[in-house]
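Here is the structure we will look at, set down as structure tokens.
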Amino acid sequence: MLEFFLPVIQSALCSAGVNTDKPIRLEQPSDKKFGDFSTNIALLAAKECRRNPRELAQEIIAHLAFPPDTVARIDVAGAGFINFYLTPLFIMQSVEHVLLEGDEYGKGNIGRGKTAIVEYVSANPTGPLTIGRGRGGVLGDCIANLFETQGYEVTREYYFNDAGRQMQILGESVRLRYLECCGRETDFPATHYQGEYIREIAEEMFRDHGAELAESTEIQIFKKTAEEIIFKSIRKTLERLGIRHDSFFNEHRLYIEEDNKPSANNEVISALASSNLISKYDGATWFLTTKLGQEKDKVLIKSSGEPSYRLPDIAYHITKFERGYDMIVNVFGADHIDEYPDVLEALKILGYDTERIKIAINQFVTTTVDGQTLKMSTRKGNADLLDDLIDDVGADATRLFFIMRGKDSHLNFDIELAKKQSKENPVFYLQYAHARICSLLRMAQQETGFNASGRAAEYQLLQQLSSPAEVQLGFALLDYPDMIKTSLRLLEPQKMVEYLHSLAELFHRFYQECPILKAEPEVCRARLFLSLATRQVLRNGFRILGVSAPESM
RNA sequence: GUGCCCGUAGCUCAAUGGAUAGAGCAUCAGCCUUCUAAGCUGAGGGUUACUGGUUCGAGUCCAGUCGGGCGCACCA
């Protein structure tokens, strides 16, 4: 709809001699009495032109040239809003596009010929995925889907590290549990991984090797085996949620020197050094962020000679630029919030266009069971496992609950609610609308031989629908393409969830108020087409969210 | 102490600086001999934590106060 309105308004502003660099914003008033769409451009421009907003609005209106039979009425209201009222005919005509475009409806082309990389999950293989990680996983997956709708070629990447200290501790943890399997006493440190999965890995190793590994203090085999098993479980868990990465990037690559070329990490150090932002003191190599207005310098290479996580992080992002991505999206949890400003700062200094980087940070998840809040920590082993949650509530509810709140809000995941097979559970409300339409169409086929395909010539029957429930539903269907763009711009799939919820609601109302199969044959078919269009938008939306569209419930 | 996020109906949450702050759940009152009642209609429920400021207009932006969450490592 934006594409319909904006050019007309723009040219009216020109003809009226209004010069403003304020963007024209079109909004849907909360109250229909203020029109289907509304713009405040006259209010904004009036200030710059030093004119009375209402008079200016009147003048703009006089220059608006919409095609005939599209806009029924244009009013000036309130302080100087311009309100537009569409004709039911135009709305219902537009619904035909939903049916004609089908699965393609809502897609755009602003990303055509462009590439995007979306990095998400990126958990190191130290343990099974927790519920907290799940939120970022689903958020990232939906964001990747949103980019794809606009024509971007999207790479879904998982960044991980299987070296480092935490992995050492993991290997050591498994080794100690293994020794226990061999019947030895161990003094298991509190700093090690306490989780049950460590025992399971140890038991598996004991089954495969017997006690033959007990004498060695070499932990490599324990680490390696643990890593493999854990990674497999992580991928399996993600797969259950429909999350599949195209690319797994091992941080290790950034450490490798070959053909006398310095490692990616070292190249970062050299580059920053030539900007005089590197200094060595206290045995470590520092990024002089105090020169950039920060409180403290940041360690890039520890006194042990190993890089801290920041250095490879910078090098990693450089690879994203070098790989040529037009859009670079990072999804991570609030615990990493202090990390990215340094990375961005470094990239900017090194001459990369950080405008291309978008960051989506999701706040944490607390889970409640019977009103009790559960706390979690991977190391303490009392984590809420994502797998358990999926077992409990199913993949659809898991996905939808993670994104049905804004990513900035602390999510309260009510497990009891997600389990309920009743109307209190929003998952069912959405899916029920889809199933209801499928049922209706099955019935229509049985009773009247109605077949959805090959009827494009009849789509214009939609134009005879004019009751409020029908027109409001039709109108909502037309919002879908703009809704995708909004969700994408804000990196916020939650907008889509809300939209689909309101769409389901409008359908239920239409269904309640307008008899379909019992109507006159032509009205019946028109209403079936409207239902079909609704089903199409629900499906397209569900696909973005990764939620299934059941044919019956 | 400091950086980021949050504070909106009893509960969970919406509201690109716009008009009378909206949904769902819960509560109450209605709607199934008729296409899935997992649905629909209606009612009640608010000093948007507090105090100032910016402007035609503030839940939204700014400053401060109070509460809650997450970080603040030569862990990642």
Side-chain angles (χ1 to χ4, degrees), chain A residues 23 25-27 29-31 33-34 38 40 43-44 46-47 53 77-81 83 122-124 126 160-161 164-167 169 251 282-286 294-296 298-310 312-313 333-339 341 361-364 366 368 371 404-414 417 420-429 431-433 435-444 446-447 469 486 489-490 494-495 497-498 501-502 504-505 507-519 524 527-528 531 552-553:
Chain A
R25 284 201 314 235
L26 205 61
E27 61 184 61
S30 49
D31 192 328
K33 80 178 183 201
F34 296 124
S38 163
N40 63 351
L43 283 163
L44 298 178
K47 196 169 193 176
F81 294 99
N83 297 338
S122 293
N124 285 343
T126 57
F160 72 103
N161 178 15
R165 226 175 86 76
Q166 293 303 321
M167 291 301 291
I169 295 176
E251 185 185 321
D282 295 345
T285 303
W286 299 77
Q294 294 193 30
E295 265 183 43
K296 290 194 284 190
K298 304 288 165 58
V299 170
L300 293 183
I301 299 176
K302 299 183 258 181
S303 51
S304 66
E306 298 171 290
S308 79
Y309 67 90
R310 257 176 254 272
D313 246 20
D335 53 339
H336 287 241
I337 203 145
D338 278 342
E339 181 175 326
I361 293 170
N362 63 283
Q363 290 298 320
F364 269 45
T366 52
T368 56
M404 73 184 195
R405 304 295 178 226
K407 62 182 185 296
D408 285 336
S409 95
H410 299 96
L411 176 65
N412 190 336
F413 199 119
D414 184 336
L417 176 62
K420 275 186 187 156
Q421 307 255 319
S422 77
K423 63 179 175 182
E424 294 160 59
N425 184 342
V427 179
F428 285 85
Y429 187 83
Q431 293 186 325
Y432 178 58
R436 208 177 201 185
I437 296 171
C438 291
S439 165
L440 178 67
L441 292 168
R442 278 193 299 272
M443 195 74 70
Q446 267 173 34
E447 292 190 4
T486 302
R489 181 169 47 84
L490 303 173
Q494 181 246 353
K495 301 290 167 211
V497 179
E498 292 230 319
H501 192 277
S502 71
E505 190 171 30
F507 176 77
H508 287 310
R509 187 178 303 157
F510 156 71
Y511 182 91
Q512 196 77 23
E513 289 182 14
C514 304
I516 299 168
L517 299 180
K518 292 176 180 56
C524 168
R527 287 179 176 160
L528 284 170
S531 305
S552 65
M553 290 174 73

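Letters A, B, ... are given to chains in the order of the sequence lines, protein chains preceding strands, and every chain is numbered from 1.
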Would you say B/U41 has OP1 or OP2 under 4.0 Å from some side-chain N or O of A/Arg509? yes

Could you check whether any side-chain N or O of A/Ser38 sits under 3.5 Å from a backbone N or O of A/Pro29, counting only pairs where one atom can act as donor and the other as acceptor? no

B/C75 phosphate, OP1 or OP2: any side-chain N/O from A/Lys302 under 4.0 angstrom? yes

Between A/His508 and A/Ser30, name the one whose nearest nucleotide on RNA chain B is closer to the 5' end. A/Ser30

Has A/Phe34 got its ring stacked on B/A19, by the test of a centre gap below 5.5 Å and a plane angle below 30°? yes

Identify the nucleotide, in any strand shown, that forms a Watson-Crick or G-U wobble pair with B/A19, with both distances under 3.5 Å; if there is none, say none. none

Tell me whether the OP1 or OP2 atom of B/G24 has a side-chain N or O from A/Ser502 closer than 4.0 Å. no

Contact class for A/Gly406 (heavy atom, under 4.0 Å): base, sugar-phosphate, or nothing? sugar-phosphate

For B/G1, the nucleotide meeting Watson-Crick or G-U wobble distances (both under 3.5 Å) is B/C72

Under 4.0 Å, counting only non-hydrogen atoms across every strand here, what does A/Asn362 touch: a base, just sugar-phosphate, or nothing? nothing

Please determine, for the side chain of A/Ala334, which listed nucleotide (B/C70, B/A19, B/A76) has the closest atom? B/C70

Can you find a pair of side-chain heavy atoms, one from A/Ser531 and one from A/Phe510, that are under 4.5 Å apart? yes

Where the side chain of A/Gln363 is concerned, which of B/U2, B/C74, B/C5 is the nearest nucleotide? B/C5

Which of parallel (below 30°), tilted (30 to 60°) and perpendicular (above 60°) describes A/Tyr429 and A/His508? perpendicular

What is the nucleic acid contact for A/Cys514, judged by heavy atoms within less than 4.0 Å: base, sugar-phosphate only, or nothing? base

Report the nucleotide, chosen from B/A23, B/C72, B/C35, that has the shortest atom-to-atom distance to any side-chain atom of A/Glu505. B/A23

Expected output: side-chain A/Asn425 to main-chain A/Val427 donor-acceptor under 3.5 Å: yes

Can you tell me, in whole Å, how much space there is between the P of B/A23 and that of B/C70? 34 Å

To the side chain of A/Asn412, which of B/A14, B/U12, B/G18 is closest? B/U12

Considering only heavy side-chain atoms of A/Ser303, the closest of B/A19, B/U34, B/C74 is B/C74

Minimum-distance nucleotide to A/Pro29 side chain [options: B/G39, B/A19, B/A23]: B/A19

A/Ile516 CD1 - B/G39 C1' separation (whole Å): 13 Å

Take the protein atom CG of A/Leu43 and the nucleotide atom P of B/A58, then report the distance between them rounded to whole Å. 14 Å

If B/A38 has a Watson-Crick or G-U wobble mate with both distances under 3.5 Å, name it; if not, just say none. none

Go ahead and name the base partner of B/U51; Watson-Crick or wobble counts if both distances stay under 3.5 Å, otherwise write none. B/A63

Nearest-nucleotide pick for A/Ala79, side chain only, options being B/G18, B/C35, B/A19: B/G18

Given that both distances must come in under 3.5 Å, which nucleotide forms a Watson-Crick or G-U wobble pair with B/U8? none

Nucleotide paired to B/A14 in any strand shown, Watson-Crick or G-U, under 3.5 Å: none

Figure out the OH/P separation between A/Tyr511 and B/U34, and round it to whole Å. 11 Å

Among the nucleotides B/G3, B/G18, B/A14, which one has an atom lying closest to any side-chain atom of A/Leu44? B/G18

Considering only heavy atoms from C-beta outward, does the side chain of A/Asn40 approach that of A/Arg25 to under 4.5 Å? yes

Compare the aromatic ring of A/Phe81 with the six-membered base ring of B/A19 and state whether they stack according to the 5.5 Å and 30° rule. yes

Is A/Asn40 side chain donor-acceptor paired with the B/A19 base, going by distance under 3.5 Å alone? no

From the options B/C5, B/G71, B/G18, select the nucleotide whose nearest atom is closest to the side chain of A/Asp408. B/C5

Would you say the side chain of A/Ser409 lies within less than 4.5 Å of the side chain of A/Gln494, judging by non-hydrogen atoms? no

Applying the side chain to side chain contact (heavy atoms under 4.5 Å, CB included) test to A/Leu517, which of A/Met443, A/Gln446, A/Arg527 qualifies? A/Met443

Starting the side chain at C-beta, find the nucleotide from B/C74, B/U34, B/G68 nearest to A/His410. B/G68

d(NZ, A/Lys296; C1', B/G3) in whole Å: 11 Å

Whichever of A/Asp335 and A/Ala435 has the more 5' nearest nucleotide on RNA chain B, that residue is A/Ala435

Given B/C40, is OP1 or OP2 found less than 4.0 Å from the side-chain N or O atoms of A/Tyr429? yes

Distance criterion of 3.5 Å, no angle test: do you see the side chain of A/Thr126 paired donor-to-acceptor with the base of B/A76? no

